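Note that this is a predicted model, so its numbers are computed, not measured.
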Amino acid sequence: MFIILLFTSGSGCVRSFEEESYYNIKDMDISADHAGASFVDLNVTTYIEKSYGDTEKNTSLLLKVYSRESGLLEVQEKTELGKLKKEETKAVSQSLSLPKTGGYNIRSVLFEENIQKGSGEINVYNLDFLPADVQDVGLEISEMDFRVKKVEDGKVLIESDIYMTNEGRKTSSDFRTLVKVREMDAGLLADKVWIQTGEIKPEATVIRSVNLTMPDQYNYVVEVLVWNNDTIVRRGEGYIQLSPEVEIKDKTASETKKIQTSEFEIVDQNEMASEEEYAEETGTPGFSLFLAAILLCSAAVLRRRFG
């Protein structure tokens with residue numbers, strides 16, 4: 001056994017001979033660019049030094065991320081560096097998006113013409129304790145539409161359709177949302193309504209509608225404020241101009257254009273459909289009576305002929 005062990009230790013079976021490398025990974029830095037509710041965007045900077053060597057071959061840097069809990073490879077990213085000059089130090093920044101759970105072991109592996117020349121590693125811990133950015137709720141207010149539903153006694157009832165898009169990576173929470181309408185010049189509040197966003201799936205857009213009442217013949221700004229507990233996390237604006245200003249032809253002055261708001265009043269399609277159905281129903285009995293009269297006459301003739 002002693003002879004076998006001595007032979008094995010001297011034969012190179014347990015010895016590792018590596019080609020001498022003139023590359024050196026001097027240092028690695030890591031920072032959190034963005035922290036969301038479930039994901040974190042990391043920036044990893046690797047400092048590569050070429051100490052000597054006259055050959056200029058193409059190099060690349062492979063960034064590999066392993067879970068510290070399972071040891072499994074989570075993600076990897078390769079960046080082509082080109083040719084590095086002698087005595088040159090190059091800083092290479094790479095971005096990663098990782099689930100905000102536990103910790104990770106991050107390795108930078110340097111290759112020259114597909115041959116590994118060096119490596120370095122850095123660890124991160126307890127990403128789940130990293131606070132999320134306050135403003136990142138994933139929701140964006142992309143558009144607003146306004147429809148006149150009713151005009152009465154100098155007041156206008158307008159239905160506001162608010163388009164909300166979830167640009168996050170997970171289903172959004174159900175946020176409280178304040179919708180208010182404010183006169184542009186005086187800043188006076190005409191109306192305000194609280195609604196809920198509801199849960200919105202990733203990359204989905206939903207429409208939330210709210211009715212607002214305001215005096216006619218004024219210009220307004222509609223403000224949408226999305227609240228996360230006691231913090232406003234998203235804002236949006238839309239404009240309603242019931243008395244817009246237009247430039248006169250010579251562009252030296254402007255005048256106020258009077259809008260007949262009642263002309264934009266929307267008739268409920270359901271009411272129109274019910275009236276049409278009622279008209280069809282009222283027309284049916286007359287047609288049936290005509291058929292019944294013909295049948296009765298035919299029966300009388302047949303009875304007289306065969307009676």
Can Thr231 and Asn229 be counted as having a side-chain donor-acceptor contact under 3.5 angstrom? no

Is it true that Thr45 and Ser93 share a donor-acceptor pair across their side chains at a distance under 3.5 Å?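 Distance-only check passes for Ser93 and Thr45.
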
Assess whether side chain to side chain contact (heavy atoms under 4.5 Å, CB included) is satisfied between Gln196 and Asp174, documenting all intermediate values. CA-CA 6 Å; Gln196 297 290 138; Asp174 185 9; 3.1 Å; yes

Residues two or more places apart in sequence or in another chain: which of them pass side-chain contact (heavy atoms from CB on, under 4.5 Å) with [X]?
| X | value |
| --- | --- |
| Leu188 | Ala186 |
| Asn126 | Asp128, Phe129 |
| Pro202 | Asn166, Thr171 |
| Trp194 | Arg176, Leu178, Trp227 |

Nearest 0.5 angstrom please: [X] [atom1] to [Y] [atom2], how far?
| X | Y | atom1 | atom2 | result |
| --- | --- | --- | --- | --- |
| Tyr218 | Gln241 | OH | CD | 15.5 Å |
| Ile106 | Leu42 | CD1 | CG | 6.0 Å |
| Leu225 | Lys192 | CG | NZ | 10.5 Å |
| Lys100 | Leu98 | NZ | CG | 12.5 Å |
| Leu212 | Asp191 | CG | CG | 5.5 Å |
| Ser119 | Met28 | OG | CE | 9.5 Å |

For the student: nearest non-hydrogen atoms of [X] and [Y], plus distance:
| X | Y | result |
| --- | --- | --- |
| Ile25 | Gly120 | CD1-N, 3.7 Å |
| Thr165 | Ser142 | OG1-OG, 3.6 Å |
| Leu127 | Pro99 | CD1-O, 4.5 Å |
| Ser172 | Gly198 | OG-O, 4.0 Å |
| Phe39 | Ser97 | CD2-OG, 3.8 Å |
| Thr213 | Lys155 | CG2-CB, 4.3 Å |

Check the surroundings of atom CZ in Phe146: do more than 12 heavy atoms from other residues, nucleotides or ligands lie under 6.0 Å from it?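 Enclosed.
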
For Glu203, does the CD atom have more than 12 heavy-atom neighbours from other residues, nucleotides or ligands under 6.0 Å away?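 Check fails, neighbour count at 12 or below.
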
Arg234 and Glu140 ion-paired at < 4.0 Å: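 Looking at Arg234 and Glu140, the cut-off is met.
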
Please report, to 0.1 Å, the donor-acceptor pairs under 3.5 Å made by any side chain of residues 73-84, with sequence neighbours excluded.
residue	atom	partner	partner atom	Å
Thr79	OG1	Gln94	NE2	2.9

Listed by chain and number, what are the side chain to side chain donor-acceptor pair (under 3.5 Å) partners of [X], not counting sequence neighbours?
| X | answer |
| --- | --- |
| Asn219 | none |
| Thr46 | Ser108 |
| Glu69 | Ser67 |
| Arg208 | none |

Listed once per pair and sorted, the salt bridge (charged side-chain N to carboxylate O under 4.0 Å, His left out) pairs that draw on residues 218-227, sequence neighbours left out: Lys180-Glu223, Arg182-Glu223

Close side-chain approach of Val224 to Met144, heavy-atom, < 4.5 Å: yes

Heavy atoms, side chains only, cut-off 4.5 Å: are Glu199 and Ser173 in contact? no

List the atom pairs, donor and acceptor, that lie under 3.5 Å between side-chain atoms in residues 156-164 and the rest of the protein, sequence neighbours left out.
residue	atom	partner	partner atom	Å
Glu159	OE1	Arg147	NE	3.0
Glu159	OE1	Arg147	NH2	2.4
Asp161	OD1	Ser209	OG	2.5
Tyr163	OH	Asp145	OD2	2.7

Hydrophobic cluster membership, with links at side-chain heavy-atom distances under 4.5 Å among I/L/V/M/F/W/Y: are [X] and [Y] in one?
| X | Y | result |
| --- | --- | --- |
| Leu189 | Ile240 | no |
| Val193 | Val148 | yes |
| Tyr104 | Val109 | no |

Could you walk me through whether Val181 and Val221 satisfy the side chain to side chain contact (heavy atoms under 4.5 Å, CB included) test, starting with their C-alpha distance in whole Å, then the side-chain angles of each, then the deciding distance to 0.1 Å, before giving a yes or no? CA-CA 6 Å; Val181 56; Val221 55; over 6 Å; no

Which ILVMFWY residues can you reach from Tyr47 by hopping between side chains whose heavy atoms are under 4.5 Å apart?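 Its cluster partners, ordered by chain and number, are none at all.
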
Treating Tyr220 as the side-chain partner and Gly238 as the backbone partner, does any N or O pair qualify as donor plus acceptor under 3.5 Å?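 No; zero donor-acceptor contacts below 3.5 Å.
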
Val44/Leu63 under side chain to side chain contact (heavy atoms under 4.5 Å, CB included): CA gap, chis, key distance, verdict: CA-CA 9 Å; Val44 181; Leu63 195 65; 4.0 Å; yes

Working note: Leu62 + Phe111, criterion side chain to side chain contact (heavy atoms under 4.5 Å, CB included); need CA distance, chi angles, decisive distance, verdict. CA-CA 8 Å; Leu62 179 63; Phe111 290 89; 4.0 Å; yes

Pick from Glu112, Gln116, Glu49, Lys117: which one makes a side chain to side chain donor-acceptor pair (under 3.5 Å) with Tyr23? Glu112

